[in-house]
Peer 1: 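Sharing a structure here in structure tokens format.
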Amino acid sequence: MPNATTPANFASDNHAGVHPAVMAAIAEANIGDAPAYGADRWTRRMNDLFRHEFGAESTAYVMFNGTGANVVGLSLMLRPYEAVLCPATAHINTHECGAAERFLGVKLIPIPTEDGKLTADDILPRLSVLGFTQAAQPHVVSISQVAETGTCYTPAEIAALADAVHSRGLLLHMDGARLANAAAHLGCSLREITTDSGVDVLTFGATKNGALGAEALVVLNPSLDGSALFLRKQGMQLASKMRFVAAQWVALLTEGLWHANAAHANAMARRIVEGVAGLPEVSLHYPVESNAVFPRLPGHAIAELQRRHRFHVWDEANGVVRWVTSFETTKEEVDALIADTREVLSLG
Ligand SMILES: Cc1ncc(COP(=O)(O)O)c(C=O)c1O
């Protein structure tokens with residue numbers, strides 16, 4: 001939790017602490033010994049909660065981190081001569097150090113987009129190489145929900161993409177590091193924007209939503225599930241003391257804590273927008289549809305604001321910065337950011 005000596009942080013929802021209910025759940029799981037490698041009651045409970053959210057045909061697998069969950073998830077769908085189509089901004093393309101390329105031997109094909117989101121029109125022209133033995137064969141389309149640009153796919157957009165993908169024999173992967181924020185923004189269940197929209201394999205993140213460190217691979221298409229247990233172990237993501245990771249998921253999936261945390265983070269981003277929208281010299285680079293705001297600011301304002309708050313520059317050439325809120329961002333922190341933005345723009 002932040003305290004008076006901690007400067008307000010808008011750099012990442014990964015900078016946030018652990019939600020007290022998650023911390024309590026970890027402590028409650030620490031009751032002596034329990035079977036290892038997932039044969040414990042917390043993992044069983046987590047699996048039940050996941051099936052409740054994503055459907056009886058789905059299977060969840062505890063993972064340590066998002067990169068690992070993405071790599072293991074993609075490994076269920078790909079052979080080494082195949083390729084993944086993804087937006088150029090995709091985390092798997094920009095922030096995972098080539099993990100999929102290294103560990104799976106597959107090629108990532110990044111596609112430039114306006115807003116971080118892929119459509120069928122973006123991918124269909126890339127499929128002309130199907131059957132051409134000298135080209136890596138696109139077999140998976142990977143999208144992020146929320147996208148790295150803070151934008152969300154509606155259920156209809158995902159379903160349209162899934163139809164196009166499946167009609168050409170490809171599969172749809174979703175990186176759901178911020179799936180909770182998308183569901184809260186769209187007013188949808190987790191299932192509507194995943195299972196019901198045609199996603200085959202999902203990686204679902206809890207770490208940005210208040211966990212200490214917990215991610216999950218969720219296989220939504222049962223025909224892809226046969227080797228997940230083996231690939232998780234070989235992919236170095238099998239937790240021995242799994243109960244402590246599962247307990248975090250149980251806490252977040254109980255009584256909708258995941259939703260409350262995401263809705264709060266989104267509301268804080270909306271509060272920033274309301275505070276800075278309309279200020280001269282400030283414009284929003286992407287629509288704000290989650291817990292991230294991408295304002296375009298004059299260079300001098302960015303430099304001065306970075307002396308007072310933590311945040312990243314997203315696109316230096318265009319003066320775009322990224323402000324991210326979390327479950328523990330307070331109204332006071334947001335209001336201080338807004339007041340400082342006004343001040344550095346000489347608006348008092
Ligand atoms: C879109 C997206 N995917 C996945 C991840 C997970 O990354 P990590 O391997 O750091 O848990 C992140 C973390 O920032 C992310 O933003």
Side-chain angles (χ1 to χ4, degrees), residues 9-18 22 61-75 84-104 108 110-111 113 115-118 140-153 158 172-185 190 193-194 199 201-218 232 235-239 245 248-249 252 258 261-262 265-266 269 286 289-294 310-314 322-327:
N9 163 66
F10 295 94
S12 171
D13 36 12
N14 276 332
H15 287 221
V18 179
V22 172
Y61 298 90
V62 164
M63 297 278 157
F64 289 118
N65 63 19
T67 301
N70 281 337
V71 171
V72 176
L74 291 171
S75 76
V84 180
L85 301 175
C86 61
T89 45
H91 199 266
I92 55 169
N93 184 48
T94 60
H95 281 75
E96 297 187 2
C97 202
E101 287 101 326
R102 176 176 177 193
F103 289 104
L104 308 182
L108 297 188
I111 302 177
T113 64
D115 58 357
K117 289 164 54 180
L118 285 183
V140 168
V141 171
S142 179
I143 59 174
S144 301
Q145 174 79 312
V146 172
E148 289 73 5
T149 47
T151 47
C152 290
Y153 294 82
I158 301 166
L172 185 61
H173 168 252
M174 178 179 279
D175 176 345
R178 297 187 180 86
L179 189 71
N181 301 85
H185 170 75
L190 294 169
I193 48 175
T194 54
V199 176
V201 170
L202 167 73
T203 59
F204 185 15
T207 308
K208 295 170 174 55
N209 187 240
L212 186 154
E215 310 284 313
L217 168 65
V218 196
R232 175 177 62 179
M236 298 163 277
Q237 289 282 319
L238 178 63
V245 190
Q248 300 175 58
W249 274 115
L252 287 166
W258 66 270
N261 286 352
N266 292 357
Y286 300 116
E289 298 177 345
S290 58
N291 62 325
V293 182
F294 292 82
R310 289 200 202 114
F311 61 88
H312 293 301
V313 174
W314 173 259
R322 188 185 79 157
W323 292 334
V324 184
T325 53
S326 77
F327 75 91

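Atoms within a ligand are numbered from 1 in the order they appear, just like the ligands themselves.
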Peer 1: Could you tell me if the side chain of Asn291 sits less than 4.5 Å from the side chain of His185, heavy atoms only?
Peer 2: no
Peer 1: Any side-chain heavy-atom pair from Leu217 and Gln237 closer than 4.5 angstrom?
Peer 2: no
Peer 1: Indicate yes or no: at least one non-hydrogen side-chain atom of Met63 is less than 4.5 angstrom from one of Val72.
Peer 2: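 In short, these two side chains touch, coming nearer than 4.5 Å.
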Peer 1: Which parts of the protein, at residue level, reach under 4.0 Å of ligand 1 through a heavy atom?
Peer 2: Asn14, Asn65, Gly66, Thr67, His91, Glu96, Glu148, Asp175, Ala177, Arg178, Lys208
Peer 1: May I have the step-by-step check of side chain to side chain contact (heavy atoms under 4.5 Å, CB included) for Leu190 and Leu179, ending in yes or no?
Peer 2: CA-CA 7 Å; Leu190 294 169; Leu179 189 71; 3.8 Å; yes
Peer 1: Going by the angle between their ring planes, with limits at 30° and 60°, are Trp323 and Phe311 parallel, tilted or perpendicular?
Peer 2: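 Because their plane-to-plane angle is over 60°, the rings of Trp323 and Phe311 count as perpendicular.
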Peer 1: Hey, which of Ile158, Val140, Val201, Leu202 is the one that makes side-chain contact (heavy atoms from CB on, under 4.5 Å) with Leu172?
Peer 2: Ile158
